[in-house]
**Student:** 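One structure is given below, represented as structure tokens, and several questions about it will come after.
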Amino acid sequence: MKILGIESSCDETAAAVVEDGNKILSNIVATQIPFHKKYKGVVPEIASRKHIEWIQPVVQQALEEAGLSLDEIDGISATARPGLMGSLLVGLTFAKTLARVSGKPFIAVNHMLGHLYASRLEYDIPYPYLGLLVSGGHSIICKVNNFDDIEVLGTTIDDAPGEAFDKVAKFYNLGYPGGAVIDKLAQNGNPKAANFPMPIIHQEGYQYSVSYSGLKTAVINQLDKFWDKNYEKTNENIAAAFQERAIKILLKPLLRAAKDTGLKTIVAGGGVAANSLLRAKLAEHPELKCVFPSLKFCTDNAAMIAGLGYQFLARGDRSPITAEASARVEGFSKKGKR
Ligand code: KG4
Ligand code: ZN
């Protein structure tokens, strides 16, 4: 089955054709980064307008690179949630319209399940395993029983890790998008330059949760308080000290979840899964098998949406043509719910 996937939840207009869940026939990502750069963040209105402009040529290019006409496609999948409402609506409406006029089966999918699926485009990983979903808007540690069956163990109680990277980069004028810039700067900085606080989450049931608002505030508003006077306040040192803490905050509940569940395989996904320190720190645990998607499949792409869509469509699932977009995933932040 050849599935056309469409992704437009944030600032990438993307389309891909994937055969049988993992054979990538085309993968087009048109990034809007240059249009948002001067605002140091995604401007939702600009994002929606660019999606409207680009969606048709991007989908056409995905079909052309796959060497297929729409007739030869067996199904269409699109991201319906979570994301920026205006952005989501463009890709979803385009996909539903294509499905309607072509009579092809259609499935609306969850972007975060897409990120979790991304590794499966490249690796055959037996279920169950521990999932680590880290992006600009989410942080989820979960037990993955199947492509659509996850048990959420912990989430962020405030900000997502990617957001912390982006806000720190914005405040210190380091560049945009923040995650990749900080990752690069940190290579030449000293992580010991500051000793930022670790969050302490006491509430019962939150042992696998993370919090980033404290770190974000400390780095932005209280740098002097946590800075080691022996080090110069260079961008490299700020980036390295922040990143060290940001990754430690993530590793603590993740390793605890691995120990408590007995799951030895960790599969990561989402933009922050591109982080080199996260990868290096997990590589220090030979008792765990850690699977990371290639960088192009960590950040937003439509191959993961087409691959995930295949799984649903092959099982016979269909979404109605009335399927709606939703900015949030209801219940995602509640323990034990999807
Ligand atoms: O998954 P994604 O492309 O979009 C969302 O669904 O949010 O993730 C984007 C996030 C941004 O916050 C970006 O700064 C972060 O991923 N990111 C990184 C790295 N590359 C991208 N964060 C840390 N280290 C990186 N190398
Ligand atoms: Zn994403």
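Ligands are counted one by one from 1 in listed order, and the atoms in each one are counted from 1 as well.
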**Student:** Is ligand 1 under 4.0 Å from a heavy atom in the side chain of His138, in the backbone, in both, or in neither?
**Tutor:** neither
**Student:** Looking only at the side chains, is there a donor atom on one of Asp159 and Ser213 sitting less than 3.5 Å from an acceptor on the other?
**Tutor:** no
**Student:** Closer than 2.8 Å to the Zn ion (ligand 2), what protein N/O/S atoms do you find?
**Tutor:** His111 NE2, His115 NE2, Asp300 OD1
**Student:** Out of all atoms in ligand 1, which are within 4.0 Å of some heavy atom of Asp183? Include the element for each.
**Tutor:** 24 (N), 25 (C), 26 (N)
**Student:** If you measure from NZ on Lys192 to OH on Tyr231, what distance do you get to the nearest 0.5 Å?
**Tutor:** 6.0 Å
**Student:** Quick one: CG on Asp158 to CD1 on Ile201, what's the gap to the nearest 0.5 Å?
**Tutor:** 7.5 Å
**Student:** Can you pull out the closest protein heavy atom to atom 6 (O) of ligand 1? Residue, atom name and distance to 0.1 Å, please.
**Tutor:** His111 NE2, 3.2 Å
**Student:** Would you mind checking which non-hydrogen protein atom is closest to atom 22 (N) of ligand 1, with the distance to 0.1 Å?
**Tutor:** Gly179 CA, 3.4 Å
**Student:** Ignoring hydrogens, what is the shortest heavy-atom contact between Leu130 and Val144? Give both atom names and the distance.
**Tutor:** C-CG2, 4.4 Å
**Student:** Please tell me if the side chains of Tyr176 and Asp166 come closer than 4.5 Å, counting only heavy atoms from C-beta onward.
**Tutor:** no
**Student:** Do Ile182 and Asn275 touch side chain to side chain, with heavy atoms closer than 4.5 Å?
**Tutor:** no
**Student:** Are any of the side-chain nitrogens in Lys248 or Glu244 under 4.0 Å away from the carboxylate oxygens of its partner?
**Tutor:** no
**Student:** Heavy atoms only: which of Pro161, Gly83, Ser135 is nearest to atom 5 (C) of ligand 1?
**Tutor:** Ser135
**Student:** Could you tell me whether some N/O pair between Asp166 and ligand 1 is separated by less than 3.5 angstrom?
**Tutor:** yes
**Student:** Should you measure from each heavy atom of Ala274, which atoms of ligand 1 turn up under 4.0 Å away?
**Tutor:** 20 (N), 26 (N)
**Student:** Going by the atom numbers of ligand 1, which of them fall below 4.0 Å from some non-hydrogen atom of Ala180?
**Tutor:** 19 (C), 20 (N), 25 (C), 26 (N)
**Student:** Is the backbone of Glu65 close enough, under 3.5 Å, to the side chain of Ser26 for a donor and an acceptor to pair up by distance?
**Tutor:** no
**Student:** Any N/O of Gly136 closer than 3.5 Å to an N/O of ligand 1?
**Tutor:** yes
**Student:** Show the atoms of ligand 1 that are less than 4.0 angstrom away from any heavy atom in Gly137.
**Tutor:** 7 (O)
**Student:** Could you tell me whether Lys233 and Asp224 have a side-chain N and a carboxylate O separated by less than 4.0 Å?
**Tutor:** yes
**Student:** Which pairs count as side chain to side chain donor-acceptor pair (under 3.5 Å) when at least one residue sits in residues 310-320, sequence neighbours excluded?
**Tutor:** Tyr117-Gln311, Asp148-Arg315, Arg315-Asp317
**Student:** Under 4.0 Å from any heavy atom of Thr299, which atoms of ligand 1 are there?
**Tutor:** 3 (O)
**Student:** When you check the gap from the basic side-chain N to the acidic O, do Glu53 and Arg49 get nearer than 4.0 Å?
**Tutor:** no
**Student:** What I'd like to find out is whether the side chain of Ile125 reaches to under 4.5 Å of the side chain of Arg120, using heavy atoms alone.
**Tutor:** yes
**Student:** Provide, to 0.1 Å, the distance between atom 24 (N) of ligand 1 and the closest protein heavy atom, together with that atom's residue and name.
**Tutor:** Asn275 ND2, 3.0 Å
**Student:** Within the 4.0 Å heavy-atom shell around Phe165, which atoms of ligand 1 are there?
**Tutor:** 23 (C)
**Student:** What protein heavy atom is closest to atom 2 (P) of ligand 1, reported as residue, atom name and distance in Å?
**Tutor:** Asp300 OD1, 3.4 Å
**Student:** How long is the straight-line distance from CD of Glu64 back to OG of Ser69, given to the nearest 0.5 Å?
**Tutor:** 11.5 Å
**Student:** Can you figure out which of Gly270, Gly271, Ser276, Cys298 has its heavy atom closest to atom 17 (N) of ligand 1?
**Tutor:** Gly271
**Student:** If you count the atoms of ligand 1 from 1 in the order shown, which ones are under 4.0 Å from a heavy atom of Gly162?
**Tutor:** 12 (O)
**Student:** Please confirm whether Phe242 and Phe165 have ring centers closer than 6.0 angstrom.
**Tutor:** yes
